[in-house]
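Worth saying up front: this structure is predicted, and the values here are computed from it rather than measured. Labels below follow one simple rule: chain letters A, B, ... track the order of the sequence lines, proteins then strands, and each chain is numbered from 1.
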Amino acid sequence: MATERYNAREVEARWQKIWNDKDVFVTHNDDPRDKYYVLEMFPYPSGRIHMGHVRNYAMGDVVARFKRAKGFNVLHPMGWDAFGMPAENAAMQNKVHPKDWTYDNIATMREQLKIMGLSLDWSREFATCDVGYYTQQQRLFLKFLEAGLVYRKNAKVNWDPVDMTVLANEQVIDGRGWRSGALVEQRELTQWFFRISDYSEDLLEAIDTLDRWPDKVRLMQKNWIGKSEGLRVRFEFTETAPTGDRALEIFTTRPDTLFGASFMGLSPDHPISAKLAESNPELKGFIEECHRVGTSEEAIEKAEKKGIDTGLRVRHPLDASLELPVYVANFILMDYGTGAIFACPAHDQRDLDFARKYGLPVKPVVLPKDADPQSFDVGSEAFTDDGTIFNSGVLDGLSISDAKQAVAKKLESVKLDGAPQAERQVNYRLRDWGISRQRYWGCPIPVVHCDACGVVPEKDGNLPVQLPDDIDFDKPGNPLDRHPTWRETACPSCGKPARRETDTMDTFVDSSWYFARFTAPDCDQPTDRDAANGWLPVDQYIGGVEHAILHLLYSRFFTRAMQKVEALDLKEPFKGLFTQGMVTHETYRDGDGANGRWVAPSEIRIEDGDNTRRAVLLETGDEVSIGAIEKMSKSKKNTVDPTDIIDTYGADTARWFMLSDSPPERDVIWTEDGVQGAWRFVQRVWRLVGDIAEKTEPRGGRPPEVSGKALDLRRTNHKTLDAVSSDLENLGFNRAVARLYELVNATSKVFNDGMADAGADYAVREAADFLVQMMAPMMPHLAEECWSVLGHDNLISEASWPQADPDLLVDDSIVYPVQVNGKRRGELTIAKEASKEEVEAATLELDFVRKALDGSAPKKLIVVPQRIVNVVV
RNA sequence: GCGGGCGUGGAGAAAUUUGGUAAACUCAGCAGACUUAAAAUCUGCCGGCUUCGGCCUUGCGGGUUCAAGUCCCGCCGCCCGCACCA
């Protein structure tokens, strides 16, 4: 029993070298076994790995190692999402080139990942800022352009005044830039767009096929695409509008409430509003005021419904005698529907607020169930639930959906100026994806502006359009624009001098196809079709829920677009998706609570008392206040550096702790005590396995006859194997961990009790072998070391997953819990094959059952075979 | 406002897939063994009440069922997403 203390540092480095020297984790595309592609969202090279990465990659690595042991050809690559603003910010602040900053960070983080012992195929590594990668991205862009998937338009864009760049709608959060936090302004610019909205319906419908995605993410995507079915209706003006329009076109999802129409509303950005404003100073002022208010959450919440009567009137399409006033109103959005509405105040809260303010009619047309049509009044709350149509002439008595159909049918057949007055229409919230960014550190958009030919795609032979290295960051804005010579080029079409596009692509483009590039990272085309089709879709994708909409939706679009340009042949890139929780930690503050300075965990010591727990500064011994548990962040200083942990305890301990306790989708709380618990387990396993290796012989040949405790242990071994296999299959890492603790407890007991029963040696040795194999995906270094101590001469990383013996998964006898009136009152041990009648008879013999029955027969006796017995008295 | 999720010991949690022994496993705590002492390790206890027979207990209130943490209805609380989308 002279086993030495486990030296993680030495052991981990040794096995990592062996794996590397033997190319154990290099994957070949021509391997004939079934494929399994496991991918974790690749990191942005911000500088150092954080605990969130450790958690994410530990999970992915467990899946990769488990599937490898199960016999799959596993693809598990890693790369870097390497373009983006922080590199430019660093350039501006520290006078370091974005390229140097990025590649330095990558070098640091690569080493950090390597000491985690991840089973990655590093031969496929790339960074999105590698010329080799963005060349292919430019090639893909040109193919998309040719296929009509890209276009340029003058558009109002979200302008971030701090980063001095354009943001996609998705990147505007509460009216602020997602990165800078600055209030976003509206600006007119010519921008490049991807036609993601062409795929709205397809992207929406296919969500139903993603049955291995979290419901939450699927729902978020559904809402984001935001489909609504309705009717586009033209209301005839009583007099031609100043724009020359004879009718006002609106979109509605509630044509059933048409008889409740009270007024019309125009967006302040509607062409008619703009035209009227030219001769109406009051309206002009109002529109300007609307623009000033902005679109922030706060502004919208506080904004009162306001508007101005334009003086224009329209005729009601179903009742020509009725004329409706046309207002410009601040709550109507130009970029949804037609930018104009008909308002039915009784059944829409916004319309109601507006109508009450301006004294416009409120006529209910949907009657709630059991309400009195004479007295029903909506008051200050619009009625939006189901009901029956009334006050609506021919529609009276219809259900809402029947009324919708009836109105659509009627207005489709009425002609106004030769065209149908209404058309059914489906509207989506999803807008095209603006990808232009006025930045240097991104993939250049490979087009040329020529005075003679206009906008011309760069020739494929001229790719790549490479970023210049000599660049300065003295002023804000786009450095490519200011570069003295980079812009100058020849027109690919006519050969005359022309200028390069200086916009670069949104970095979300880079991450929208990297998973495909990993399948053939050196291909001289964006993809090797066979490789991509062979490996994709990704079987298990793992990452943070913060990418639930943007990255995942863009990737789904990209896969479709790539299918269209024949770069690959599938629609959905990610078959299984898992969104892991965050890593959190207690926060600490110096001095007086809320105003105190944040203190890092490494600066304090926790003192546990009987019923007290306090934190004191290491340096001074002064007490600091313990605050809420929050996501690890630099600003709150509650971070723990993974390399410090690995230096002290080793990678296995860090990985094991990350996988223990908390279910993977939930937040995990990082605690020093918890890490130490994991460390103790590492040592305990090491001692136990060492002792078993010393005292028992390796197994071989047929299992011997076992009895008593040894038989029980063999059953435990196989039951644990069965359970852990399914836990890992379902990403239930915390459950798998708990079962391995149980197995260690059970094995120690048999081993320490002297192994008196027949076959105990075998049972204990089997337990050790199984234990080591089952923990190998989670603690691979310790597992390799133990595996070799147990006398195996192969690598556990290359060993096959063991098979559970079905005979050992069931016991000879069953312990039935016995309930009396549904409360457990005792138990009954009986042979497994006992018939229902035998169980019933045995139950009635039990003392506590007899007592409860007190001589009379039970009202009911329920036996659920192999489960439970319930006696109803 | 709309949509979704969650609520179990001192803490993280299990059991939620199929309604069937609530609290496995870990952390913290307590008591003990070993030790000159500490660390490490090992053993035991650890939801509440109890007249020691038991009784109660999964946010609260109801319901379905032989049986409810699990299903249904209504509240309360917390978290997440979207947000003037007609």
Listed nucleotide nearest any side-chain atom of Asn870(A), set rA13(B), rA67(B), rG44(B): rA67(B)
Taking O4'-C1'-N9-C4 for purines and O4'-C1'-N1-C2 for pyrimidines, is rG77(B) syn (within 90° of 0) or anti? anti
With side chain to side chain donor-acceptor pair (under 3.5 Å) as the criterion, how do Asp432(A) and Ser197(A) come out once you've worked through the C-alpha distance, each side chain's angles and the decisive distance to 0.1 Å? CA-CA 5 Å; Asp432(A) 279 337; Ser197(A) 68; 2.7 Å; yes
Test salt bridge (charged side-chain N to carboxylate O under 4.0 Å, His left out) applied to Glu630(A) - qualifying residues, sequence neighbours left out: Lys636(A)
Test of understanding: with side-chain hydrogen bond (donor to acceptor under 3.5 Å, both in side chains), list the residues that count as partners of Arg556(A), not counting sequence neighbours. Gln221(A), Glu572(A)
What does nucleotides 21-27 of chain B look like as a protein-contact string, B for base, S for sugar-phosphate only, - for none, at under 4.0 angstrom between heavy atoms? B--BSSS
Atom pair distance, as rounded to whole Å: CG in Asp727(A) and C1' in rA14(B): 11 Å
Mind checking what makes side-chain hydrogen bond (donor to acceptor under 3.5 Å, both in side chains) contact with Asp353(A), not counting sequence neighbours? Gln349(A)
Rounded P spacing from rA14(B) to rG4(B) in Å: 24 Å
Please state how far atom CD1 in Ile629(A) lies from atom P in rA11(B), giving the value in whole angstrom units. 11 Å
Trp686(A) CH2 to rA40(B) C1', in whole Å, measures 18 Å
Interatomic distance, Glu729(A) CD vs rU17(B) C1' [rounded to whole Å]: 15 Å
Distance in angstrom units between Arg55(A) CZ and rG12(B) C1', rounded: 11 Å
Of Lys860(A) and Leu333(A), whose nearest nucleotide on RNA chain B comes first from the 5' end? Lys860(A)
So, do Lys216(A) and Val545(A) sit near enough that their side-chain heavy atoms are less than 4.5 Å apart? yes
Send over the distance from Asp667(A) CG to rG5(B) P, rounded to a whole Å. 18 Å
Quick one: list whatever passes ring-ring contact (aromatic ring centres under 6.0 Å, His included) with Phe657(A), sequence neighbours left out. Trp670(A)
Please state the C1' separation for the pair rU43(B) and rC56(B) - nearest whole angstrom. 31 Å
Heavy atoms from C-beta onward define the side chain here; which of rU41(B), rA86(B), rU57(B) lies closest to that of Lys823(A)? rU57(B)
Can you list the residues that meet the ring-ring contact (aromatic ring centres under 6.0 Å, His included) rule with Tyr6(A), with sequence neighbours excluded? Trp686(A)
Could you work out, with salt bridge (charged side-chain N to carboxylate O under 4.0 Å, His left out) as the rule, every residue matching Arg850(A), not counting sequence neighbours? Glu845(A)
Salt bridge present between Arg825(A) and Asp847(A) (N-O < 4.0 angstrom): no
Please tabulate, one pair per line, each protein N/O and nucleotide N/O from nucleotides 78-80 of chain B that are separated by under 3.5 Å, including the distance.
unit_1, atom_1, unit_2, atom_2, d
rC80(B), O2', Lys216(A), NZ, 2.8

From C-beta outward on Tyr336(A), which listed nucleotide comes closest to its side chain: rC66(B), rA14(B), rA86(B)? rA86(B)
For rG29(B) and rG19(B), measure between their C1' atoms and round to the nearest Å. 36 Å
Ignoring hydrogens and angles, are the base of rC84(B) and the side chain of Lys305(A) linked by a donor-acceptor pair under 3.5 Å? yes
For Watson-Crick and G-U wobble pairs within 3.5 Å on both distances, what is RNA chain B written in dot-bracket notation, | included for inter-strand pairing? (((((((..(((.......[....))).(((((.......))))).(((....)))..(((((..]....))))))))))))....
Considering only atom P, compute the distance from rU64(B) to rC73(B) and round it to an integer number of Å. 15 Å
On a whole-Å scale, what distance lies between the P atoms belonging to rG5(B) and rG12(B)? 22 Å
Could you tell me how far rC60(B) sits from rC78(B) if I compare only their C1' atoms? Round to whole Å. 15 Å
Take atom C1' in rA39(B) and the same atom in rU50(B), then report the distance between them in whole Å. 41 Å
How long is the line joining CD1 of Ile669(A) and C1' of rG10(B), in whole Å? 13 Å
If we take the C1' atom in both rA23(B) and rU57(B), what is their distance in whole Å? 11 Å
Pairs meeting criterion side chain to side chain donor-acceptor pair (under 3.5 Å) with involvement of residues 856-870 of chain A, two or more places apart: none
Could I get the full list of salt bridge (charged side-chain N to carboxylate O under 4.0 Å, His left out) partners for Asp727(A), not counting sequence neighbours? Arg735(A), Arg739(A)
Per the O4'-C1'-N9-C4 / O4'-C1'-N1-C2 angle with a 90° window around 0, rG53(B) comes out syn
Output the rounded distance in Å from CD (Glu665(A)) to C1' (rA13(B)). 12 Å
For Glu249(A), salt bridge (charged side-chain N to carboxylate O under 4.0 Å, His left out) partners two or more places apart: Arg232(A)
Centroid-to-centroid, Phe263(A) to Phe354(A), below 6.0 Å? yes
